[in-house]
Novice: 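This is the structure I want to talk about, given as structure tokens.
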Protein chains: 2
Amino acid sequence: MGKSDTTSVNRREEIISAAIQVFAEIGYYRATTAQVAQQANISQPYIFRFFSKKEALLLAALEVSWARVIDSFHKVIEFASSEQLETDLIRAYDEILNANQNEILLQMQAQTIQEDSIREAMRKGFGEVRSIVLKAFLDAGIPNAEERTMLFLARGMLCNISTVLGMPELMGK
Amino acid sequence: MGKSDTTSVNRREEIISAAIQVFAEIGYYRATTAQVAQQANISQPYIFRFFSKKEALLLAALEVSWARVIDSFHKVIEFASSEQLETDLIRAYDEILNANQNEILLQMQAQTIQEDSIREAMRKGFGEVRSIVLKAFLDAGIPNAEERTMLFLARGMLCNISTVLGMPELMGK
DNA sequence: TTAGTTAGTGATTCATCAATCAATTTTATT
DNA sequence: AATAAAATTGATTGATGAATCACTAACTAA
């Protein structure tokens, strides 16, 4: 409500949001820059004023989606008690998954893309999340922190699949 | 060695094998039927004598890849002792992942494809694997079989990612 | 008001690709 | 050898899409 819809300060971020939605729903390779442009209410060529290539737009979208997870985890870790740490992290991730399915769906797509720049972005994202969680588990004095971290990530990945495929039975409850 | 390379009985299966490799490495949507044909040493139009659409070829490839997992698990369950059941299933999946990375990579791609027919195939595959494992755990008298099944699948999914991204640290060991 | 800068688009280009179809080569049959 | 059937391909088509470029409209400052 602050910003009007016709006058927009942040075209770049609007384009990224549009791309997340379109790439997730249609698939990165199948989605066209024209579809992204339509979603963002701009012309197709204008995308290339902000992003040199379609792939650069994907990288920007992935950065946004990893930042959301990382920021959320940082906030949880800052305030959660040692006893509720894991529970709160799980809840936080669950909320992201419900509120921003498209970002997670896009990450899942990117897991399988063999372009070097994409793989690097995904390794960075996963690696950072892992080390944040591991450090928090260690600081909280949780025993077997490495294995607990691994299981936390594993459940998260299965949760992604369960959500995306609409198979709640995969997660038990 | 039995079959020569010029005279081949099973064109259909050769095409599927080629498709698994090409789709996995290049990405289903980006890969072209000409690339699949080249890999299979046939002409591009000939693919359409066996598969009505590119998507039909993907479905056939997914069926092969799920059958490999399911058959392997069935064999393990038939012979494994209750104590070694889970360990043996893990080892079996690990072998598949090492020997047939492309098939798993293709499954991972398919997890994110929003076409109805693909989603249905993926739900069927996951659902079948889950119920096979769950039944085996129950028959083996493993306590908390539902949760143990969930964790088994979860570790499997993280293992996929760890392998595909080349991040062994994600799995701990 | 005009000159300069920023925001944005229409039209086009070059490339690519799934799918079709008519033609040809290869294999089996008599 | 002649013929029929099966296997396989060349050539083409109609669509589509990323990226470029030259153009226009809208703002800003002097």
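When reading the values below, keep in mind they use all heavy atoms of this one structure, side chains included, and skip hydrogens, waters and symmetry mates. Keep in mind that what you see is a predicted model, and the values were worked out from it rather than measured. Proteins come first, then strands; the chains are lettered A, B, ... in the order of their sequence lines, and each starts at number 1.
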Novice: Tyr46(A) OH to dA26(D) P: how many Å, rounded?
Specialist: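 Value for this atom pair: 14 Å.
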Novice: Separation of Gln38(A) atom CD from dG10(C) atom P, in whole Å?
Specialist: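 About 13 Å, once rounded to whole Å.
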Novice: Surrounding CG of Asp116(A) (heavy atoms of other residues, nucleotides or ligands, distance under 6.0 Å), is the total greater than 12?
Specialist: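 Counting neighbours around CG of Asp116(A), 12 or fewer heavy atoms of other residues, nucleotides or ligands fall under 6.0 Å, so no.
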Novice: Can you give me the closest heavy-atom contact between Trp66(B) and Ala121(B), atom names plus distance?
Specialist: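 Minimum heavy-atom contact is NE1-O, 4.1 Å.
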Novice: What's the CG-P distance between Leu57(B) and dC17(C), to the nearest Å?
Specialist: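 Result: 16 Å.
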Novice: Rounding to a whole Å, what distance do you find between Asn10(A):CG and dT6(C):C1'?
Specialist: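 That distance rounds to 15 Å.
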Novice: Check this for me, if you would: do Glu103(A) and Arg68(A) make a salt bridge, where the nitrogen-to-carboxylate-oxygen distance has to be below 4.0 angstrom?
Specialist: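 A salt bridge is present here (some side-chain N lies under 4.0 Å from a carboxylate O).
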Novice: What is the separation between atom CD1 on Ile26(B) and atom C1' on dA18(C), rounded to the nearest whole Å?
Specialist: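 Atom-to-atom, Ile26(B) to dA18(C), this comes out as 16 Å.
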Novice: Generate the contact string for nucleotides 13-21 of chain D. Rules: B means base contact, S means sugar-phosphate contact only, - means no protein heavy atom under 4.0 Å.
Specialist: ----SSBBB
Novice: Looking only at side chains, do Gln114(A) and Glu25(B) share a donor and an acceptor under 3.5 Å apart?
Specialist: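 The criterion, which ignores hydrogens and geometry beyond distance, is not satisfied for Glu25(B) and Gln114(A).
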Novice: Which residue pairs satisfy the salt bridge (Lys or Arg N to Asp or Glu O under 4.0 Å) criterion with at least one member in residues 69-88 of chain A, sequence neighbours excluded?
Specialist: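 Every salt bridge (Lys or Arg N to Asp or Glu O under 4.0 Å) pair that includes a residue of residues 69-88 of chain A, provided the two are not neighbours, is Glu86(A)-Arg148(A), Glu86(A)-Arg155(A), Asp88(A)-Arg91(A).
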Novice: Is NZ or CZ of Lys54(B) both nearer than 6.0 Å to the six-membered ring centre of Tyr28(B) and within 45° of the ring axis?
Specialist: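 Satisfied, under 6.0 Å and within 45°.
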